[in-house]
Amino acid sequence: MITPPLPPDVLARYPGLEKLGRTATRLHPRPGAVTAAMSHVGGPLRWPADEPWPTCEAPHMVHEEVPVPADLVDRMRAAERGRTQSHVLAEGEVELHREIANLVGPGFTGWGSRDGGPVVGHRYVPRPHPVPNPMVPLAQLRAQDVPDLPRPGGADLLQVLWCPFEHAEGPWGPTVELRWRREADLTDLLGQPPRGEIGNDEYVPRPCRLHPEQVVEYPYPQELPEALRTLVDEQDEEGEYDDDNYVDTVMAPGWKVGGHADWSLTDLRPTPCPRCAGPTTLALVVASSERGTGRWQPMRTDGQPDHDPYEPTGVVVGRHGALRIFVCLSCPDTPFLLDQQ
């Protein structure tokens, strides 16, 4: 895959920005047959035969429906009919909504009916796995293929696994496990890993080959020096830049290793190491989509647009967003922090 270069006038528009560039490796996953010897998404792992396979024991969140009495439904719908065009809940409607929430109980997410069926309240409640649930391989990344892969303690292989259920601990979604290894140490390998339960099919990745490509990214506006940030805000407001704003121009979408984190959804948030509270490094972005604008629409090596699917892995994170894994390279066991956007 080939990402078109940064338009030549961008760095001229933002004096000093060139000093803040950082490389990232776009992974460009595309469906295809993979083996345990490859870098990939959703394929087999080179797993030591004498090492237990990771399991998840954290309670997972289960969707439940609670019937809502007909008289309460009638009162709520009557209040809705009296709502003004401002779409702001009327005072009585707020109280009725609270009454439904109290009826449904903790974990309430809303109420309604499907295809004219009975009206129910929706909630998510924690439920323990009957037995520890074997995790699903998400990705295997080799430093030989992915130049921006961190190498804590000389590791040259990262394996990422997760539990394919919703969990409330940390970001809503799968629990995650990382394994850093030296490929030379992997000799006696596990044959068939254990299989567990699947709570969400969108957390089971489609096997994908990777087509790593190193690019240069620049920081999210809130991480820029004040003068540069002001300039970015001004130019984005003017809308002069080919209908693409600063973030769309300098930050890569999709699966990637390294580079800068995009904070467009929440604004900048701290990502301290959970162990030492020191700084962390963006190690991997697990994205729901490869879709990008402008220069980030990848081109094939023959210079033609790449029209492969925008969602090659089948993975959907959050509300069609991305899970970012930040690692601490100072602590000996490389603790990590998850953030979802």
Side-chain angles (χ1 to χ4, degrees), residues 1-29 141 143 146-151 210-272 278-299 306 310 317 321-329 336-341:
M1 308 295 172
I2 298 177
T3 297
L6 188 70
D9 64 332
V10 172
L11 295 180
R13 287 173 176 263
Y14 307 117
L17 186 63
E18 70 280 357
K19 299 177 183 178
L20 305 177
R22 181 185 297 169
T23 58
T25 301
R26 302 185 72 188
L27 297 181
H28 295 301
L141 305 174
V146 183
D148 288 291
L149 187 70
R151 301 190 59 169
L210 304 183
H211 303 80
E213 177 194 22
Q214 195 172 46
V215 297
V216 177
E217 292 188 320
Y218 297 90
Y220 188 71
Q222 290 177 329
E223 297 189 88
L224 293 172
E226 184 176 353
L228 260 180
R229 178 180 175 181
T230 299
L231 185 58
V232 166
D233 290 344
E234 290 174 351
Q235 301 226 2
D236 276 357
E237 287 180 6
E238 292 173 3
E240 297 178 358
Y241 197 69
D242 297 333
D243 297 325
D244 288 333
N245 63 24
Y246 168 87
V247 169
D248 291 337
T249 303
V250 306
M251 307 191 80
W255 286 66
K256 70 178 183 181
V257 168
H260 291 280
D262 182 351
W263 298 99
S264 296
L265 184 63
T266 62
D267 287 336
L268 181 63
R269 295 200 295 207
T271 57
T280 55
T281 298
L282 179 61
L284 175 65
V285 174
V286 177
S288 300
S289 172
E290 296 295 299
R291 187 180 299 274
T293 59
R295 62 184 292 250
W296 299 117
Q297 168 61 52
M299 308 292 286
D306 176 16
Y310 281 116
V317 179
L323 179 72
R324 295 95 67 78
I325 302 176
F326 295 84
V327 300
C328 176
L329 300 178
F336 63 92
L337 175 76
L338 303 178
D339 178 86
Q340 190 168 284
Q341 294 284 301

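These values consider heavy atoms only, across backbone and side chains, with no hydrogens, waters or symmetry-generated copies.
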To the nearest 0.5 Å, atom CD1 of Ile325 lies from atom CG of Leu282 at 9.0 Å
Partner of Tyr310 under side-chain contact (heavy atoms from CB on, under 4.5 Å), picked from Ser289, Pro253, Ser288, is Ser289
d(Tyr246 OH, Leu228 CG) to nearest 0.5 Å is 7.5 Å
- [ ] Answer yes or no: is there a side-chain heavy-atom contact under 4.5 Å between Thr25 and Thr23?
- [x] no
- Item | Flag side-chain contact, heavy atom, 4.5 Å: Leu224 against Tyr218 | no
Is the closest side-chain heavy-atom distance between Leu141 and Val257 below 4.5 Å?
yes
### Task
Could you verify whether a donor N or O on one side chain and an acceptor N or O on the other, from Thr266 and Gln341, lie under 3.5 Å apart?
yes
**Main-chain N/O of Asp248 paired to Asn245 side chain as donor or acceptor, under 3.5 Å** = yes
Nearest heavy-atom contact between Val247 and Ser264 is CG1-OG, 4.0 Å
In short, Ala261 meets Met251 closest at the heavy-atom pair O-CE, 3.2 Å
For Trp296, does its backbone N or O pair with a side-chain atom of Thr3 as donor and acceptor, under 3.5 Å?
no
dist Lys256:NZ -> His28:NE2 (nearest 0.5 Å) comes out at 12.0 Å
Margin query: Can you confirm whether Val286 sits close enough to Trp255 that some side-chain heavy atom of one is under 4.5 Å from a side-chain heavy atom of the other?
Written below: yes
d(Leu329 CG, Phe336 CZ) to nearest 0.5 Å is 13.5 Å
Heavy-atom nearest pair, Ala322 first then Val317, reads C-CG1, 3.9 Å
*asked:* Quick one, Tyr220 and Val232 - any side-chain contact, counting heavy atoms below 4.5 Å?
replied: no
Of all heavy-atom pairs linking Pro219 and Leu20, the shortest is CD-O, 3.6 Å
Donor-acceptor pair, side chain of Gln222 and main chain of Leu268, under 3.5 angstrom | yes
So CZ of Arg295 and CG of Leu6: to nearest 0.5 Å the spacing works out to 4.5 Å
dist Leu284:CG -> Arg324:CZ (nearest 0.5 Å) comes out at 11.5 Å
(Q) Main chain of Thr280, side chain of Thr271: is a donor-acceptor contact present, judged purely on distance under 3.5 Å? (A) no
What one should report as the nearest heavy-atom pair of Gly259 and Glu217 is CA-OE1, 3.3 Å
- Do Glu223 and His260 have side-chain atoms, one donor and one acceptor, less than 3.5 Å apart? no
